[in-house]
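What follows is a set of notes on a single structure, which appears directly below.
Quick note: numbers below take in every heavy atom, side chains included, and nothing from hydrogens, waters or symmetry partners. Throughout, a chain's letter reflects where its sequence line sits, starting with A, and its residues are numbered from 1.
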Protein chains: 2
Amino acid sequence: MGQDGIDLETSLGYLLKEASSALRLAMEEVLRPLGMTITHYSCLELLAQRPGLSNSELARGAFVTRQSMNVLLQALERDGYVTRPAAPPVGKALPTRLTARGRRSLEKATAAVRSVESRMLEGLSAGDQQEAFRMLTSMVRSLREGPTPG
Amino acid sequence: MGQDGIDLETSLGYLLKEASSALRLAMEEVLRPLGMTITHYSCLELLAQRPGLSNSELARGAFVTRQSMNVLLQALERDGYVTRPAAPPVGKALPTRLTARGRRSLEKATAAVRSVESRMLEGLSAGDQQEAFRMLTSMVRSLREGPTPG
DNA sequence: TGACCCATGTCAGTATTCTGACATACCTTT
DNA sequence: AAAGGTATGTCAGAATACTGACATGGGTCA
């Protein structure tokens, strides 16, 4: 006889998805007026902190496939937010950089996203936030380790 | 002069997205062999716990639009996993219920998802998990409250 | 009763992401 | 040097979710 289902009222997995969904919605809400999607913003923010990231690296950082990021990068390049060299300096990877326009566009978005993150954390103490960081990091590590062989 | 960007290495928002992404990937991995997507599974799990949920209620519970859930429900109904009355008993909402086939299909998926959730939490004590629940709940509530007027 | 508002189900079109596939470049090993 | 393995960029097609729109049912209030 099969076990009962997963109790969604107490499941941390479900709650994690709920929190992520709420964050996504809040971010979309503030980024929409700026004509920016979350992936779009993530890409610019990654490039601001680590100039020269390749398409594949940006994809991993934004949690999408490199194919999806490639589509986005081509649009961003066409519209003058980022630049890539015509030929790869080494290997196949094309290092991407923000243009002045890209940096300007990112400034407003960063402010908007910062306000959302502040709101998200307003009920948590500094100690709480440290604990939350530790636990989420542990979850990510466990999930990436793959199924336990035993 | 604009402020600097958001430090992704220490941002709880980014980490939340990372954890959610890792969970999504792990769930997709175990559900794929069963021919099931996450939304598909979520729908069945919701119906197992709260029989008679309407399309819109299922959509909210699975964090998708009611249009997306409607497409899924039509497929599930066509394939015999759920049933809906031909006419709404009251209002326009059609209460949905699992069939025996739907319940059987859910059993395997629940076991698979349970193993993923266990793995995710294996580094956290019971107290940790309670704290994580409290913090995530706080984040969801704060995000849904909308921007602080002040 | 009638006007209004809100929630629901549904259709259609659009957008975004994903999977599959291929060629290329680097690295390691033999 | 040659072969195998891994990573990358890119194209094409499929799957999935979303936005917009419309009609209907139920409730509230004047």
- [ ] Report, as a single string ordered 5' to 3', how protein heavy atoms within less than 4.0 Å touch nucleotides 20-25 of chain D: B base, S sugar-phosphate only, - not at all.
- [x] BB-BBS

Counting only side-chain N and O atoms of [X], is one of them less than 4.0 Å from OP1 or OP2 of [N]?
X: B:S68; N: D:dC18; result: yes
X: B:N55; N: C:dT8; result: no
X: A:R84; N: D:dT10; result: yes
X: B:S56; N: C:dA7; result: no
X: A:T37; N: C:dT16; result: no
X: B:T65; N: D:dT19; result: no
X: B:R60; N: C:dT8; result: yes

Check ion pair [X]-[Y] (N to O, under 4.0 angstrom):
X: B:E145; Y: B:R141; value: yes
X: A:R134; Y: A:E131; value: yes
X: B:E28; Y: B:R24; value: yes

Length of the line joining [X]:[atom1] and [N]:[atom2], which is rounded to integer Å:
X: B:M36; N: D:dT16; atom1: CE; atom2: P; result: 13 Å
X: A:L72; N: D:dT10; atom1: CG; atom2: P; result: 13 Å
X: A:E28; N: D:dA17; atom1: CD; atom2: C1'; result: 11 Å
X: A:N70; N: C:dT16; atom1: CG; atom2: C1'; result: 14 Å
X: B:H40; N: D:dA15; atom1: NE2; atom2: P; result: 15 Å
X: B:L25; N: C:dT19; atom1: CG; atom2: P; result: 8 Å
X: B:I38; N: D:dA15; atom1: CD1; atom2: P; result: 18 Å
X: B:L73; N: C:dG9; atom1: CG; atom2: P; result: 9 Å

Open item on the list: Under 4.0 Å, counting only non-hydrogen atoms across every strand here, what does A:L94 touch: a base, just sugar-phosphate, or nothing?
Closed with: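 Sugar-phosphate contact only.
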
Open item on the list: By nearest atom, which of the nucleotides D:dT8, C:dT10, D:dT19 is closest to the A:R32 side chain?
Closed with: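 From the listed options, D:dT19 comes nearest.
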
Open item on the list: Among residues at least two apart in sequence or on other chains, which ones pass side chain to side chain donor-acceptor pair (under 3.5 Å) with B:S42?
Closed with: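 Result, side chain to side chain donor-acceptor pair (under 3.5 Å) vs B:S42: none returned.
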
TODO: Give, for atom CD of B:E9 and atom CZ of A:R50, the distance between the pair rounded to the nearest 0.5 Å.
DONE: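 Between B:E9 CD and A:R50 CZ, I get 5.5 Å after rounding to 0.5 Å.
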
Open item on the list: Looking at every non-hydrogen atom in both residues, tell me the closest pair between A:Y41 and A:L31 and how far apart they are.
Closed with: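 A:Y41 and A:L31 have their closest heavy atoms at CB-CD1, 3.8 Å.
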
Task: Whichever of B:V64 and A:Q74 has its nearest DNA chain D nucleotide further upstream toward 5' - done: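 First, find each residue's nearest nucleotide; the 5'-ward one identifies A:Q74.
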
TODO: Start with the C-alpha gap between B:L53 and B:L47, add the side-chain angles, then the distance that decides, and say whether side-chain contact (heavy atoms from CB on, under 4.5 Å) holds.
DONE: CA-CA 7 Å; B:L53 248 42; B:L47 284 174; 4.1 Å; yes

Task: Most 5' of A:F63 and B:A93 on DNA chain C, judged by nearest nucleotide - done: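 Of the two residues, B:A93 wins.
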
- [ ] Report the relative orientation of the aromatic rings in A:Y81 and A:H40; use parallel for angles under 30°, tilted for 30 to 60°, perpendicular for over 60°.
- [x]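 Perpendicular, since the angle between the ring planes exceeds 60°.
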
